[in-house]
Structure formats: structure tokens, C-alpha cells
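Each ligand, and each atom within it, is numbered from 1 in the order the structure gives. It should be emphasised that the depicted structure is a prediction, and the values quoted were computed from it without experimental measurement.
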Amino acid sequence: MDLKFENSFAQLPSYFYSRTQATAVKDPKLIIFNQTLAEQLGVSGDLTNDNNLAQIFSGNLCPTGAEPLATVYAGHQFGGFSPQLGDGRALLLGETVTAKGERFDIQLKGAGPTPYSRNGDGRSALGPVLREYLVSEAMHKLGVETTRALAAVTTGEEVARERLVAGGVITRVAKGFVRVGSFEYFSSQGNQQAVKQLADYEIARHYPQAKNTDNPYVAFLAAVIDKQAKLIAQWMNIGFIHGVMNTDNMAISGETIDYGPCAFMDEFSHKRVYSSIDRNGRYAYSNQPQIGQWNLVRLAETLLPLFANRDKDPEGKVAVGIAEELLNDYQEKYQAYWLSGLRRKLGLRTAQEQDLTLVDNLLNIMEQNNADFTLTFYYLSQLSEEGSAKDEPLQKLFTQPNEINTWLTTWRKRLADESSIDKKRQTSMQSVNPIYIPRNHQIEKAIRLAEDQNDFSAFHSLNSVLQNPFSYQPGKENYMLPPKSDEVVHQTFCGT
Ligand code: AMP
Ligand code: MG
């Protein structure tokens with residue numbers, strides 16, 4: 001296997017990272033290799049030798065041109081500041097540039113300790129590897145900005161968690177892994193030069209349009225804010241709960257990163273939390289937009305010295321004013337992305353003032369009636385403007401159908417203003433309302449089988465269904481259904 005490396009982060013001053021080698025594992029075995037992604041990345045050579053791929057994607061064999069390093073960052077974790085975190089179990093092999101000129105980071109997760117491992121072992125358990133593979137690839141197919149998964153392997157070694165469990169390594173691909181926490185690390189150390197270098201690097205890599213503006217750093221923050229507003233709106237529109245929105249898990253590139261105890265909701269609730277460590281619900285579903293803003297304030301704070309000339313702004317008031325204005329825009333941007341996403345979900349092409357109420361009412365009725373989030377929108381996408389027997393599957397999702405029936409009448413009145421054709425509207429709705437999402441209980445089943453019996457068939461079947469989340473796949477009805485009462489997964493774990 002041949003991957004052309006073109007490493008730019010390794011050219012930055014050495015205080016940004018530590019050069020670290022992966023620690024070899026006993027008996028790596030390939031679980032999956034993402035051929036399609038490999039092709040997009042321009043990977044060449046023999047891609048069929050599973051043993052060779054397992055050696056590379058476990059970290060046992062360092063590919064030519066890789067310059068492995070672990071990056072340093074800090075982060076606000078559940079609101080409290082940790083001055084030094086860093087890639088404790090992740091290792092950046094390097095970057096590759098595709099034929100289209102897009103630059104991607106290639107990173108192993110679980111390949112052994114680094115100088116930032118603190119008390120951790122630098123390893124990943126197999127369960128979280130499988131979860132991240134399934135969910136990140138599903139997110140991509142759902143149209144959400146995310147890191148991708150290139151490969152997953154078992155290590156042939158056990159890792160100590162609550163008990164001994166099988167170990168694994170996942171290879172992740174991202175437009176960029178620099179985080180809000182990366183800026184916080186240097187800012188908290190008073191290393192303003194490093195903050196500027198990092199900002200320049202990120203501008204060149206992700207936001208080159210910011211460069212030719214009056215103040216590139218202001219334009220940079222504005223662009224990051226816009227990206228995050230859009231990303232979190234997308235999460236909300238598909239019922240995704242990240243679970244650990246610490247500032248070290250928010251990428252400057254605007255991609256969803258660090259899939260830990262994340263989950264998609266089954267029954268809708270504004271307050272839904274799955275993560276076992278999120279005891280106060282800080283990262284509950286409906287808190288996500290606000291937390292996004294909180295994290296962006298932390299980023300803005302690190303950039304303030306770059307916003308205005310200190311001689312002219314000795315107290316930093318001008319800089320703070322600029323930042324506040326941008327951060328205030330976040331709410332409006334988020335709301336606009338979110339609402340336009342929901343209009344598409346409801347088949348509305350035009351915008352009317354009362355659409356917000358229509359959406360809010362639907363969500364509230366869903367919550368009060370324990371309706372499944374994904375199926376509600378999917379069944380809605382089947383309905384005609386007239387109303388028919390087809391309403392039944394939707395009604396059945398609600399404990400009390402009266403309220404949803406009243407809502408449907410209002411929705412249909414609203415549709416009448418659109419003069420859309422049923423078929424066209426349904427097709428458009430079905431292109432944004434998935435049938436298949438990586439449901440928690442299905443992921444759990446796949447993990448259990450893999451962990452307990454070294455059987456990856458459930459993982460592969462689920463992964464295969466998730467490749468086409470918007471198309472009905474005959475015989476795969478099981479994957480669209482919510483969990484039965486004894487299958488419900490109430491909590492998810494980081495597994496770190
Ligand atoms: P997370 O919130 O899961 O992304 O991780 C928070 C921090 O803990 C990061 O700095 C990780 O690198 C580190 N970490 C998590 N798990 C491990 C592990 N098994 N070994 C070393 N460091 C870890
Ligand atoms: Mg993290």
C-alpha cells in the first residue's frame with residue numbers, strides 16, 4: 001500500500017507536537033478497510049493484502065513518508081479548564097493531498113502511548129473503534145461534515161477498562177484535527193506567537209478567503225463560527241447527540257470529531273443524554289447549540305490579541321467588541337441553518353413567519369408522545385397533501401394520535417401555500433429525512449457480537465445498510481425500527 005504523504009503540520013515549530021512512534025501490537029487483524037475512501041485519497045499499490053493492511057493500520061508498520069507525531073492541546077472539559085491534554089492515544093501519521101487538491105490528516109487512534117497520555121494507556125478498546133467507524137461513516141453518508149474512517153483493526157491484545165476487553169485501532173481521516181483546545185493551550189501559556197502561527201496555519205488550510213480581508217483573524221473567527229453553526233444545526237436536524245462537546249473535541253475545520261459516547265436519538269426528547277459521564281446533562285441534545293457558542297467564546301478569547309493593535313486598544317475593549325459582535329451572530333446563524341433544515345424536512349420550499357411555530361409544535365408533540373425522531377420525519381415524507389390511509393404508520397408512532405392529527409391539518413394547510421406536487425415534495429423530503437441511522441441498539445449488538453464472539457458479521461451488515469441511509473432497502477426493515485423495550489440502550493460509554 002502506498003500513500004503519498006505531504007506533511008505540513010510537521011513543518012511547524014516543535015512546540016506544537018511531539019514526534020512519537022506507534023507501539024507495536026501482538027497480532028493485528030484487519031476488520032475493515034474503506035476502499036472507496038482509499039481511492040479518493042489516492043492510495044495506491046496492493047490494497048488486497050489484509051495482513052499487510054493490518055500491519056500498517058495497527059501502527060506496526062510505518063508507511064513511507066509518514067512522520068508520526070502527537071499534537072498538544074488543552075481544553076475545557078465539562079466547563080473546567082485542563083491546561084494540558086493532547087493526543088494521548090492518537091497519532092498523526094501525516095497528510096495527503098488528493099487529486100482534487102484537498103489535504104487530509106491521516107491519524108491512528110489507539111496505537112500506543114504518547115507524551116500526552118497522562119495516566120492512559122494510549123489504546124482503544126474494540127467497542128469504541130467499531131462505534132466510531134459506524135457512526136462517522138454514517139454521518140458522512142447523511143451529509144454531515146465529519147472525520148472519516150479508513151480502516152479498523154483488532155490488535156490481538158487486551159486493554160484494561162472496567163474489565164479486560166479486546167483492543168482495536170481505528171484510522172481516521174480529517175480535513176484537520178486542530179481544535180479549539182489547541183488555541184487554548186498556547187493562549188493559556190501566554191505564547192501569543194504560537195497562537196498567531198496556528199491561526200495562520202488554519203487560515204491557509206481551511207479558510208484561505210479570510211486572508212485577504214482587513215483583519216484575517218477576525219474573518220477567521222467569523223468563518224469558524226459560521227461552520228460550527230451549520231454543523232450543529234445538522235446534528236440537531238438528524239437527532240445526533242455528540243456527548244462530549246468539550247473544547248478539545250471541537251475542530252476548527254468544522255468537522256464532527258472524537259466520537260465517544262455519541263448517539264442518535266430514538267424517541268424524541270429535548271433533554272436526551274446518553275453519555276454515562278454527562279451526569280448534569282451539560283451536553284444534552286437541546287443544549288448543543290448553546291454549548292457550541294460557549295466553546296466559540298473560548299476560541300475568541302485566544303484570538304483577542306490579534307484583533308486590534310494593542311497601542312490603540314490598550315484595554316482590549318475594541319477587540320472584545322469585535323468578538324462580541326461575531327459571537328452574537330452565532331445564535332442567528334444557527335437558528336437560520338436549523339430552521340431552513342427543518343423546512344426542508346417538512347417539505348417547505350418557501351419561508352413563512354409561522355414556520356417556527358409549526359416546527360416547535362411538532363417537536364413538542366413528538367416529545368409528549370414518545371415518537372421516534374427518525375421515523376416521524378421519514379413517515380411524514382410519504383404523506384400526500386390530501387391526507388390518506390398512509391397517515392397511519394405516522395399516527396402509530398404517537399401515544400395519543402389526536403395532537404399529531406391536528407398538527408397534520410395545519411401542516412397540510414401550510415403545504416397548500418407551496419403549490420408543490422406531492423411526488424416532487426416527497427422525493428425532496430426523502431432526500432433529507434433518512435430511513436436508516438446508526439441506531440444505538442444495533443451498534444450495541446454489533447459490538448457485543450464482535451467482542452464476545454469475535455464475529456464481525458453484524459458490524460458489516462449494519463455498516464452496509466448505513467451506506468445508503470436515504471434509500472429503502474428491501475429486507476432491511478429491521479434496521480429502520482426503533483429498539484424493542486428490552487433492546488433500548490440508555491447509556492453510552494467513552495470506553496477510554
Ligand atoms: P476525549 O474527550 O475522549 O476525546 O479525550 C480526552 C483526553 O484524554 C484526550 O487528551 C485524549 O487523548 C485522552 N485520552 C483518552 N483516552 C485515552 C487513553 N486510553 N490513553 C491515553 N490518553 C487518553
Ligand atoms: Mg478528544
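Ring centroid separation for the pair Y436 and Y479 does not come in under the 6.0 Å cut-off.
For ligand 1, none of its N or O atoms has an N or O atom of G120 under 3.5 Å away. Between N246 and ligand 1, no pair of N/O atoms sits closer than 3.5 Å. Close N/O approach between R118 and ligand 1 is found [any backbone or side-chain N/O within under 3.5 Å]. Residue contacts with ligand 1: R123 is placed with a nitrogen or oxygen under 3.5 Å of a nitrogen or oxygen of the ligand (distance criterion only). Geometrically, ligand 1 and G86 share a nitrogen or oxygen pair separated by less than 3.5 Å. Considering both main-chain and side-chain atoms, D258 comes within under 3.5 Å of ligand 1 through a nitrogen or oxygen pair.
The atoms of ligand 1 that sit less than 4.0 Å from any heavy atom of L85 are 10 (O). Listed by atom number, the atoms of ligand 1 under 4.0 Å from Q77 heavy atoms are 6 (C). The ligand atoms of ligand 1 that sit less than 4.0 angstrom from a heavy atom of G122 are 18 (C), 19 (N), 20 (N), 21 (C).
Using modelled atom types, one finds no donor on one side chain facing an acceptor on the other under 3.5 Å when comparing H242 with Q288. In this model, a donor atom of one side chain and an acceptor atom of the other lie less than 3.5 Å apart for S253 and E255. No hydrogens or angles considered: nothing links the side chains of E332 and Y337 as a donor-acceptor pair under 3.5 Å. Side chains of S82 and Q77: a donor-acceptor N/O pair is present below 3.5 angstrom, by distance only.
With distances taken over non-hydrogen atoms, the option nearest atom 21 (C) of ligand 1 out of A160, P113, S82, G88 is G88. In this structure, of Q84, K109, R89, the residue bringing a heavy atom nearest to atom 3 (O) of ligand 1 is R89.
Side-chain contact check for Q84 versus V72: some heavy-atom pair is nearer than 4.5 Å. Under the 4.5 Å side-chain criterion, counting only non-hydrogen atoms from C-beta, M139 is in contact with Y259.
Between G260 and ligand 1 there is no heavy-atom distance shorter than 4.0 Å. At a 4.0 Å cut-off, at least one heavy atom of R161 sits close enough to ligand 1 to count as contact.
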message: For F5 and V97: C-alpha separation, side-chain torsions, deciding distance, then whether side chain to side chain contact (heavy atoms under 4.5 Å, CB included) applies.
response: CA-CA 8 Å; F5 284 98; V97 179; over 6 Å; no

task: Go through the steps for E367 and S269 under the test side chain to side chain donor-acceptor pair (under 3.5 Å), then give the verdict.
output: CA-CA 5 Å; E367 180 160 34; S269 162; 3.2 Å; yes

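Listed here is the closest heavy atom pair of Y283 and N246: OH-OD1, 2.6 Å.
When non-hydrogen atoms are compared, ligand 1 lies under 4.0 Å from neither the backbone nor the side chain of Y116. Both the backbone and the side chain of D121 come within 4.0 Å of ligand 1, counting heavy atoms alone.
The CG atom of L466 sits 11.5 Å away from the OH atom of Y133 when rounded to the nearest 0.5 Å.
Among R131, R179, R89, the one residue that satisfies the salt bridge (Lys or Arg N to Asp or Glu O under 4.0 Å) test with D258 is R179.
Around the Mg ion (ligand 2), the protein contributes the following N, O or S atoms under 2.8 Å, ordered by chain and number: N249 OD1, D258 OD2.
Residues D121 and R161 are paired through a salt bridge, judged by an N-O separation under 4.0 Å between the basic side chain and the carboxylate.
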